[in-house]
Each structure stands twice: as C-alpha cells, then as structure tokens.
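Comments concern the structure below.
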Amino acid sequence: MQDTAIEKVVTKTNLMNFCQKDLQAYFASIDEKPFRAKQVFKWIHQKGITSFDDMSDLSKALRQKLMDVAEVVAPKVVLDKPSNDGTHKWLIDVGGNLVETVYIPEGSRGTLCVSSQVGCTLNCSFCSTGKQGFNRNLTVAEIIGQVWTAVRALSKQQGEHDRHVTNVVMMGMGEPLMNFDAVVSAMDIMMDDLAYGLSKRRVTLSTSGVVPRIYDLLEQSDVSLAVSLHAPNDALRNELVPINKKYNIDELMAACKLYAQRGPHKEITFEYTLMEHVNDELEHAKELVTLLKSKQVPAKINLIPFNPYPGTPYKKPSNNRTHRFQQYLMEAGFVATIRKTRGDDIDAACGQLAGKVQDKTKRQARYQRSLSEA
Ligand code: SAH
Ligand code: SF4
C-alpha cells in the first residue's frame, strides 16, 4: 500500500481582524506578552506593514512563530478611481463580492466613507445598495482594511495637496448596526492612538434606525451618531425606510435622546434625503420642526439631495426646493446643511454605491425584472 502524505492545512489567523484588546488576548493565547501585541498593532496600522519579517523590533524567533500561525491581510483593491474633484473611490474585493470605499477631501478635512456589509438587508425604497440585495457582513479586517487601504494609497500620492483621512463615516454600503460587533471593533481601531488615533467626534456611524442596537452602542462605544430619518411621520417613513415598521419614530427618538445625553457636543445628525414631491414640501419641513422640537433631541440636520441611479422612480429636487426646505429649518432655529454632491463622475455620491453583491435574498433579481418589465 502506498503511503499517502496527509498535509495539514493550517488556517492562519488574520491579525487585521483584531482591535488592540483582542490582539492582546490572541497574543496571550500563544504565550506572548501584551506589549508584543502593541508593537505588532502599531506596525500594522501606523506603519502599514503586513510582513512579520519587516517588524524589526520583534525577535527573529517571534517573527518566525507569527509567520507559522498568523498573517496580516487587507482586502484586495480591484479598482482605484480618482474623480475630477479630488474624490476617490476604491472598489474592494471581499471574496468575490465587491464593496466600495470613498474618500472626499474638503479643505483641510478628508472624510472616508466606509462600507459595513455586502449589500443591505433593509431595503429602503430609494437606496441602490438596498436594491442589490445582501450577501454577508464584512469582517473587522474588511472594514478596517478600507481605512488601512485608503491611508496607504493617499500617502503615496504626493502632490500639490496632501491628502489625509481626518474623519470616517460609516455611510458606505450596508447598515452598520446590523453588523454590530465587527463595526464596533473596527471603530475602536480607528480611534486607537496606536492605530489611526481619530477622535470620537470624527468617527460617525450612520443608521437607518435599528433601535435596540443604538442602546447597545451607547454601552460599548462613544462615536458620533447620524440617523437617517428622511420623513417626519410614520406613514411616510414606513414607505421609505421599512425598518420604521419595526421601530417607529417615537422609539427611535427616545433612543436618540438618550444617546445625545452622554455629554456636551453630542447632538444627533439627522440625515434627510430630499426626494422631489415625496418628502420635500414645506409641510414636511414644518412637521419635521415640530417633531424635533417636541422630542427635545439636540439635533442638526443634514439634507441630502437625492442622487439618482438607473431605474429609480425618485427625483432630485431643484436647488430652489432644496434651499426653501433648508431655509425653513434654519428659521426655526436648526443647523441645517446641504450635503454637496461629490464624485459625481465616478458614481461615488451618497446612495450610488453599488459594488457587486452575490445576492442571497432574490431582491436583486426581482429589481432587475421590474426594470425590464417597466
Ligand atoms: N445604512 C446606513 C448607512 C448607509 S447609507 C443608513 O441608512 O444610514 C448613507 C446615507 O445615504 C443614508 O442617509 C441613506 O439614506 C442615504 N442615501 C441612500 N441612498 C441615497 C440616494 N440615492 N441619494 C441620496 N442619499 C441616499
Ligand atoms: Fe441599507 Fe442604509 Fe440603504 Fe437603507 S439606506 S437600504 S439601511 S444602506
């Protein structure tokens, strides 16, 4: 009988999946001291090093040990698309699915818009990500890997303007609170002084209103919160943001109020995508003012003129209508900003992120069918 060599397949642990605390726990599990974890954490996130061989302050023995059991792998960039206005979009391969990351420079600020899921389960009526269906949650490595990738890519672009990531918004593809643990760990890394060192005011999570997870976030993180409201009453919000049927505006506002009470400068940003003749009438502005005042949530409002994509029935309102809506809110005493559309030429604007989702929900097929029948 012939001997068959049984090759043991060793699955290596990707250290990019760990926040500092988890990396220390991992190092303890392989009998290494916490300060070694700190060193490796800095190499990965501050210096962008993925090869243990290049981590020069580790002993040769430790480097070899790590090489045997671990690896540092960032997700693969398949397309790197700069826009005429300085915006930058990366298409990132996460095991056959593609997600998008967008960098938006504005003066001295550079905001990175990060994805949290491949697609989204929540199916808001106006959102192109929702139409793509859903495949899976991203891992910590795939979420923080977007920051890692952008920071590295921008540092290589030496030019007229130095580009840095000064802010991160979890506003790319997906609903971050539906991927709670991975998103919280990734945000911890963003705010860690041994990694990206962003202050909690510069890391913003945007949610469509997964109320129980807002309470969890309050316990576990300290990031800024943006809430996608889009409608001033339940009837309209049920239509636009279906999760409202599960957690209505009253429940959402109660969670927001508590979140805002954590300390000074903790107001909630309410995002309101303006869709012509759907939610952009003065009546809606009036109702919005009454709602926010009655709930006493410290609030600022970010108006996002709808960004169209093929097949959507919604329309972007005229500039006049948009400014009229803003004016009403400001006269009522609210800070209300209009989000500028950036990266239009590379489909990088809010709600245009589509990536490539191997859909497990049949929603994508249904949507495609409805387009071809229309
Ligand atoms: N799932 C999260 C974060 C991702 S969406 C959320 O819903 O908050 C980021 C923002 O873009 C949300 O406010 C979302 O409602 C908005 N958006 C989605 N599609 C849009 C579109 N086509 N035009 C303008 N804004 C859109
Ligand atoms: Fe998901 Fe946000 Fe799009 Fe709604 S708006 S479908 S929650 S990504």
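It should be emphasised that the depicted structure is a prediction, and the values quoted were computed from it without experimental measurement. Along the sequence shown, residues are numbered consecutively beginning with 1.
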Less than 4.5 Å apart, side chain to side chain, heavy atoms only: is that true for R366 and T361?
no

R262 to Y259 six-membered ring, cation-pi geometry met (6.0 Å, 45°):
yes

Close side-chain approach of I304 to E271, heavy-atom, < 4.5 Å
yes

Check this for me, if you would: do D68 and K65 make a salt bridge, where the nitrogen-to-carboxylate-oxygen distance has to be below 4.0 angstrom?
no

Under 3.5 Å side-chain donor-acceptor pair for Q20 and D192
yes

Hits for ring pair (Phe, Tyr, Trp, His ring centres under 6.0 Å) against Y26, two or more places apart or cross-chain, chain-then-number order -> F18

Ring centres of H230 and F126 under 6.0 Å apart?
yes

Do the charged groups of E106 and R109 touch, with an N to O distance under 4.0 Å?
no

So V69 and T13, do their side chains get closer than 4.5 Å, heavy atoms only?
no

Polar side chain donor-acceptor pair, N135 to D359, under 3.5 angstrom:
no

Does a salt bridge link E276 with K316, judged by any charged N lying under 4.0 Å from a carboxylate O?
no

Is any side-chain heavy atom of H164 closer than 4.5 Å to one of L154?
no

Look at E251 together with K246 and state whether they make a salt bridge at an N to O cut-off of under 4.0 Å.
no

Are any of the side-chain heavy atoms of V184 and L217 separated by less than 4.5 Å?
yes

When you compare the side chain of Q117 with that of M178, does any pair of heavy atoms fall below 4.5 Å?
yes

Beyond-backbone contact of I92 with E142, side-chain heavy atoms, under 4.5 angstrom:
no

H45: what forms a ring pair (Phe, Tyr, Trp, His ring centres under 6.0 Å) with it, not counting sequence neighbours?
F41, Y196

Under-4.0 Å salt bridge between D250 and K295:
yes

With W90 via ring pair (Phe, Tyr, Trp, His ring centres under 6.0 Å) - residues at least two apart:
H88

